[in-house]
Peer 1: 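Handing you a structure now.
Residue numbering restarts at 1 for every chain, and letters A, B, ... go by the order of the sequence lines.
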Number of protein chains: 4
Amino acid sequence: MRTATLTDVGEIEVQERERPEPTESDVIVEIGACGVCMTDYHMYHGTFAVDTPLVLGHESAGTVVDVGEDVTGLDVGDRVAINPTVPCTNCSYCKRGETHLCENNTSIGGAGETILDGAFAEYVRVPAISVEDIGDLSFENAALAEPLACCIHGVDQVDVELGDSVAIIGAGPIGLLLMQVFRNAGASPIVVSELDPERRELAAELGADAVIDPAESDPLAAIPDAAGGPVDVAAEAIGLVPTIEQANEVTANGGSTLIFGVPDQEATMEVNPFDIFFNEVGYRGSFSLTAEDFERAVTMLRYDRIDADRLVTSRIGLDDLPSAFERMENTEGLKNVVVPHSE
Amino acid sequence: MRTATLTDVGEIEVQERERPEPTESDVIVEIGACGVCMTDYHMYHGTFAVDTPLVLGHESAGTVVDVGEDVTGLDVGDRVAINPTVPCTNCSYCKRGETHLCENNTSIGGAGETILDGAFAEYVRVPAISVEDIGDLSFENAALAEPLACCIHGVDQVDVELGDSVAIIGAGPIGLLLMQVFRNAGASPIVVSELDPERRELAAELGADAVIDPAESDPLAAIPDAAGGPVDVAAEAIGLVPTIEQANEVTANGGSTLIFGVPDQEATMEVNPFDIFFNEVGYRGSFSLTAEDFERAVTMLRYDRIDADRLVTSRIGLDDLPSAFERMENTEGLKNVVVPHSE
Amino acid sequence: MRTATLTDVGEIEVQERERPEPTESDVIVEIGACGVCMTDYHMYHGTFAVDTPLVLGHESAGTVVDVGEDVTGLDVGDRVAINPTVPCTNCSYCKRGETHLCENNTSIGGAGETILDGAFAEYVRVPAISVEDIGDLSFENAALAEPLACCIHGVDQVDVELGDSVAIIGAGPIGLLLMQVFRNAGASPIVVSELDPERRELAAELGADAVIDPAESDPLAAIPDAAGGPVDVAAEAIGLVPTIEQANEVTANGGSTLIFGVPDQEATMEVNPFDIFFNEVGYRGSFSLTAEDFERAVTMLRYDRIDADRLVTSRIGLDDLPSAFERMENTEGLKNVVVPHSE
Amino acid sequence: MRTATLTDVGEIEVQERERPEPTESDVIVEIGACGVCMTDYHMYHGTFAVDTPLVLGHESAGTVVDVGEDVTGLDVGDRVAINPTVPCTNCSYCKRGETHLCENNTSIGGAGETILDGAFAEYVRVPAISVEDIGDLSFENAALAEPLACCIHGVDQVDVELGDSVAIIGAGPIGLLLMQVFRNAGASPIVVSELDPERRELAAELGADAVIDPAESDPLAAIPDAAGGPVDVAAEAIGLVPTIEQANEVTANGGSTLIFGVPDQEATMEVNPFDIFFNEVGYRGSFSLTAEDFERAVTMLRYDRIDADRLVTSRIGLDDLPSAFERMENTEGLKNVVVPHSE
Ligand SMILES: NC(=O)c1ccc[n+]([C@@H]2O[C@H](COP(=O)([O-])OP(=O)(O)OC[C@H]3O[C@@H](n4cnc5c(N)ncnc54)[C@H](OP(=O)(O)O)[C@@H]3O)[C@@H](O)[C@H]2O)c1
Ligand SMILES: NC(=O)c1ccc[n+]([C@@H]2O[C@H](COP(=O)([O-])OP(=O)(O)OC[C@H]3O[C@@H](n4cnc5c(N)ncnc54)[C@H](OP(=O)(O)O)[C@@H]3O)[C@@H](O)[C@H]2O)c1
Ligand SMILES: NC(=O)c1ccc[n+]([C@@H]2O[C@H](COP(=O)([O-])OP(=O)(O)OC[C@H]3O[C@@H](n4cnc5c(N)ncnc54)[C@H](OP(=O)(O)O)[C@@H]3O)[C@@H](O)[C@H]2O)c1
Ligand SMILES: NC(=O)c1ccc[n+]([C@@H]2O[C@H](COP(=O)([O-])OP(=O)(O)OC[C@H]3O[C@@H](n4cnc5c(N)ncnc54)[C@H](OP(=O)(O)O)[C@@H]3O)[C@@H](O)[C@H]2O)c1
Ligand SMILES: [Zn+2]
Ligand SMILES: [Zn+2]
Ligand SMILES: [Zn+2]
Ligand SMILES: [Zn+2]
């Protein structure tokens, strides 16, 4: 089978490998589509260091082509999405259903202490418990289940209620998904701040009640203006300190600031603890997804709660992965999806 | 001013009365629109006994025309919706924000132990804390804030999460609102069972993933079929025992059956306590609305989260109230709205 | 090894068997203590039908004596409590952490669709994920982890807040545990109704604010009297319809009636749906325990949050199991604990 | 009547004043006891600037001696505790029951934008909705209802579940109350870090599972050691940046750091946003109390869930207030309570 393998920082090689065989509790999935994400980008550029050679790709869906002998409830031919977070099922977090904090921290192609070969490949081996049936959902849309599940996870961190106001800072593929999940959770109104005019426009089309251009108007004034006051939840979906601080400054008393974008590991910010105390403005983080989030994400995609079509702007073969990283660098389009068999 | 006054069972008289004056903490609202509801219907027909003479009408919105001397934050000319539930602010329920269970149980025109004159009138007197600013929302749509708030209340009783499946039995004006609130709360999929073909069609247009005709196919089979299994939440929005039992039978293990329609006070149903224990299927009721629910309802209407236009199918003057009750009897149209100044 | 095997209704035989061997993911535990529970009683008497021969016993703790080859984090000599509910880790319920509703419904010695041999034996084979480290907690007290976890589960079903009033009807071993868990969850006051004078006394000593003798004073009056009004939560811990109805009648508006005792499968009760609607009194059931509940139970026992010593009133050998069932029949003592190596 | 009036920074004068008269919705309470708190201390020393003359004192209880004409449900002779936070009942926060964030921010003797004369006096005027019946609870213990309600509020901010581990840094009167509330909420184990040996000892007697002397052993190691790992909730009850940082460093992944002590308004701390994201460790603040918290606090005191006797270490007359501030400066004893009629 063919894989797009990271062989060194900045080097991706399309290799011919043996198709993996399932152990008793695994299945083999023929990949129909695998999204490209900022984590892949950072692994490629070395800003997130990983051991090589490694096959990346953790936002995938495809068809089951082989099942281990102990596997029940899954058959060859089943169409599935793949949850890259592999729970140990045994640690205290896994027992509580908080599989994203699993002490074993293992991922198929994504971030983790142990990283197994991922889905920028014609086939991938995954535990049977890591797949969800997608019915007749397209592979491209199903490949969004993983980032969507992260967004569901984020929204659940901040207890949104019907009619809560929300601001989202950053409307890349992730901010646009997050916004749609907030909308599905009853947030009202939703204000989005984003530099790129096309993404701003898309945000408005996909459900934002107001969009703001931070290069034109100061978000600290413009967001409360548009939302009728400070917001119950302000989510940052970029990963930068100044925008996290911005989010915090527009959060209403009693509300929450959600750190959803991935900040630099070394970044620091100055916080006033009196404000946290007096205004009861909490900081929450959202990392990755649980098995339950993933199942919910697939359901929401299957019932069309999310406009996935508008987010996938480019389909490429295994050979073209570096071109996706270039487009991401230049804020060109939104989601790049690898279709391994397209060549 | 003119009022449509219930003078006896089945008798409504349009009277000329003195416009009320505000006490220090009240405001006077000139009614722009007031919806007609099943409670009005039952009071009119005597199936819900009330002392007469009484002005009914508890789903209203209008313009502030006079304010009491102690009132702050409200001015003549403000456009407002009126929350008919008057909290005592002093009982244990009110202190918790559960104003719908207030021990004083007072309503402006609606159900309650103490009922004040309501909004089928040109003007109504209400406590200043009972109104919410509606901005430029139309009065007709704002008049839906009260039933919408009840629906928000109902959805909050059952802890819906993103991707939870929901069935709604009965798609009258209330079922259709409830369905839209469930949709806003992330329910997916949503299946609606309703006898009337037009209402079924509208349910589908307003967001139901599947609609079922209970005269054609057995809901006990058809609902799980359409939802991919028993549902996390099954809500009854009619008020009949057989449909409450139906709802319960399609509720999944660990899920909730919501009694939202108003059952007959004397009705009884047979329940198997072992099933409640073993399947952890809970029964929940939802009665009326809180001050917070009302505020959220106005927000959701203002930000277009609910299609209110499609629900208002008839606008009438004070004189025409009995015609509305006839239409309700015959399942003709959906919401009737009284516009007192229309004549 | 020796086992107390149910060979037919009403027949228990102490047998000599081969000690089981662990598969790769199992451990073998030498049983230190195994509590006797109403479920065992019903299986013995045939009121809960099971296939025989079967070794019962699902409230156990002991020492790991053998570990499967794939097992990590557990060693020979570890002292552990055993969670009898075996999750499949794969169904939708297990993924959410709701392992008690697992579609595979497998138990080690307890109620379930599939029942594996239990812990009225010198040794038992269990999956490695089913045990929790107990440190230096005594085996007898650790054997209470399972029923305690059920009680934690029950309390979690009804969202108790600090200062919520609670009534518990029935103070057998389970009611007394449940009461202690409610006390740990902040319930205040707690009123207990129980027929047996010794159990009533113990309830008071273990933390009930008031105890009621239902043979002396009518609980419908006495419970609200003692609690300062109807209670936020009323839990039934017997399993009879009249006491479930009693619990419901003393539940405050907005509160919950918890069905915790196991009702007869065929029992029915008449319920007024208007009351559920109008008073927002919900019915909740609580069945079994989750992996998380079990972990919490072990923690609470280790940190002495529960008085377990007072609940264990009799220690017997494998041969004496029928004597325990007799004591249970006669309301003699509280928990009977089997100590397999005591002979 | 006599009052202890703050006339300038550092100056308290016992004055003879007219007893206030109730407006229609007020009651007059003869103060039985009023606790002295860090807020009084800071107002006295000018580190919390207030307009003078002002009667301080916001932790009080006493006997109703006069009721306004509109007041229902309260009679002369009723024994009550006084909630100093006066809700406007009209703002969005009050409607939600979040009266501590009321936009009008008015307090009787405590911190607020508007401060009314407080309870270091023989009599105080308060709105009827601000008092709770205390039955036969002693005034001294009832005076703890206010700080206890703050602690209930704090514990509710962090969603403690049965068996969650908790660390509390600082065991002054507030830390010791907070600890008891966490214990009532099911926290297990509880580890307390405190400099003063007597307070440490008392913490252990009142329910801490382990106490740590931060002068002897490094809390960053000692707390996880004692708790079996990082804790689910770490609460700071001093108000200093280094101890807030300490609390955060011992918070487990997925857990919460609670800022409960009042930090300096100008203080800042450096925070790593990547950690909040990756470890999902949230920061929460807890400010003041709601009407519901206050009611719960009175209930918990009445049912003896809190050991209040051990916390009140000194009873003084109105003349002796400055001596209390000295004892607080020197960490002598715990709660000082003013008994206005003691002279
Ligand atoms: N929490 C989780 O579990 C999770 C899961 C997946 C991804 N993430 C993270 O989410 C973040 C967003 O991912 P993405 O793929 O959407 O990234 P992206 O494409 O880089 O999107 C970020 C967007 O923010 C805009 N932006 C930059 N500075 C701004 C400012 N000051 N104000 C407003 N907008 C600004 C960018 O515009 P320009 O391009 O014009 O600068 C860009 O459109 C990343 O950090 C990613 O790692 C987190
Ligand atoms: N909980 C609350 O706070 C609250 C607030 C407001 C209203 N409500 C209650 O909500 C209920 C619904 O109000 P509404 O105004 O929507 O009443 P409605 O117009 O009578 O709607 C009920 C609908 O259910 C249909 N229906 C009857 N039997 C059915 C069956 N077996 N299966 C499926 N559908 C069936 C009816 O069709 P046909 O007309 O063809 O029979 C009708 O369209 C009422 O009981 C009302 O009092 C409750
Ligand atoms: N939900 C779960 O997950 C779960 C888990 C474990 C157990 N359970 C169930 O919990 C129930 C209690 O178990 P248990 O071992 O404690 O049983 P138990 O020993 O039979 O206790 C029941 C107690 O209730 C008393 N009682 C009977 N009628 C009463 C009345 N009218 N008013 C007040 N008290 C009355 C009995 O007194 P007398 O003996 O004098 O009649 C007895 O002391 C059982 O149904 C059991 O199966 C449920
Ligand atoms: N959130 C709210 O709503 C609310 C309500 C009431 C009070 N508060 C605040 O709660 C805080 C505590 O009040 P309090 O009356 O208990 O104050 P306190 O008497 O000053 O208690 C603080 C305790 O912390 C100890 N301490 C100081 N440094 C320490 C360290 N590094 N490690 C461990 N312990 C240390 C102190 O010991 P030494 O005295 O020996 O230094 C003292 O015993 C104050 O900031 C108060 O304003 C908040
Ligand atoms: Zn794990
Ligand atoms: Zn009230
Ligand atoms: Zn399962
Ligand atoms: Zn307010």
Side-chain angles (χ1 to χ4, degrees), chain B residues 91-93 96 98 100-103 105 111 153-154 157-159 161 163-165 228-229 232 236 239-241 243-245 247-248 252-288 290, chain C residues 91-93 96 98 100-103 105 111 153-154 157-159 161 163-165 228-229 232 236 239-241 243-245 247-248 252-288 290:
Chain B
C91 75
S92 181
Y93 288 108
R96 292 186 224 171
E98 303 198 27
H100 62 305
L101 297 174
C102 172
E103 284 165 10
N105 195 358
H153 190 76
Q157 296 298 305
V158 289
D159 303 324
E161 290 181 69
D164 274 355
S165 57
D232 295 308
E236 203 269 3
L240 300 173
V241 166
T243 36
I244 294 174
E245 289 173 339
N248 190 246
N253 291 359
S256 296
T257 302
L258 179 66
I259 300 180
F260 195 83
V262 181
D264 189 287
Q265 293 202 29
E266 309 305 323
T268 58
M269 56 185 201
E270 238 183 34
V271 158
N272 181 322
F274 181 84
D275 285 350
I276 299 181
F277 152 76
F278 186 66
N279 301 327
E280 290 194 350
V281 171
Y283 278 95
R284 312 301 301 238
S286 178
F287 169 66
S288 193
T290 67
Chain C
C91 76
S92 182
Y93 288 108
R96 293 187 223 171
E98 305 198 25
H100 61 305
L101 299 174
C102 172
E103 284 164 11
N105 195 0
H153 191 75
Q157 296 298 304
V158 288
D159 302 325
E161 289 183 69
D164 275 354
S165 57
D232 295 307
E236 204 268 2
L240 300 174
V241 166
T243 36
I244 293 173
E245 288 173 339
N248 190 246
N253 291 358
S256 295
T257 302
L258 179 66
I259 300 180
F260 196 83
V262 182
D264 189 287
Q265 292 203 30
E266 308 305 323
T268 58
M269 57 185 200
E270 239 183 34
V271 158
N272 182 321
F274 181 84
D275 286 349
I276 299 181
F277 152 74
F278 186 66
N279 301 326
E280 290 193 351
V281 171
Y283 278 95
R284 313 299 301 240
S286 179
F287 170 66
S288 193
T290 67

Peer 1: Chain B: which of C:Ile276, C:Val271, C:Asn272 shares the most heavy-atom pairs with it under 4.5 Å?
Peer 2: C:Val271
Peer 1: Quick one: list whatever passes ring-ring contact (aromatic ring centres under 6.0 Å, His included) with B:Phe287, sequence neighbours left out.
Peer 2: C:Phe277, C:Phe278
Peer 1: Sort out for me which of B:Gly154, B:Gly285, B:Pro273 touches chain C most, counting heavy-atom pairs under 4.5 Å.
Peer 2: B:Pro273
Peer 1: Can you tell me which portion of B:Gln157 sits under 4.5 Å from chain C's heavy atoms? Options are side chain, backbone, both or neither.
Peer 2: side chain
Peer 1: May I ask you to decide if B:Gly255's main-chain N or O and B:Asp232's side chain share a donor-acceptor pair within less than 3.5 Å?
Peer 2: no
Peer 1: Would you say the side-chain atoms of B:Glu236 pair up with the backbone N or O of B:Gly239, donor to acceptor, closer than 3.5 Å?
Peer 2: yes
Peer 1: Counting distance only, does the side-chain N/O of C:Tyr93 pair as donor-acceptor with the main-chain N or O of B:Asn253 below 3.5 Å?
Peer 2: yes
Peer 1: Using every non-hydrogen atom in the two residues, find where B:Thr257 and B:Ala247 come nearest and quote the distance to one decimal.
Peer 2: CG2-CB, 3.9 Å
Peer 1: So which of C:Pro263, C:Gly282, C:Gly261 has the largest heavy-atom pair count under 4.5 angstrom toward chain B?
Peer 2: C:Pro263
Peer 1: Between C:Arg284, C:Glu270, C:Gln265, which shows the greatest number of heavy-atom pairs under 4.5 Å with chain B?
Peer 2: C:Gln265
Peer 1: For B:Asp264, is it the side chain, the backbone, both, or neither that has a heavy atom closer than 4.5 Å to a heavy atom of chain C?
Peer 2: backbone
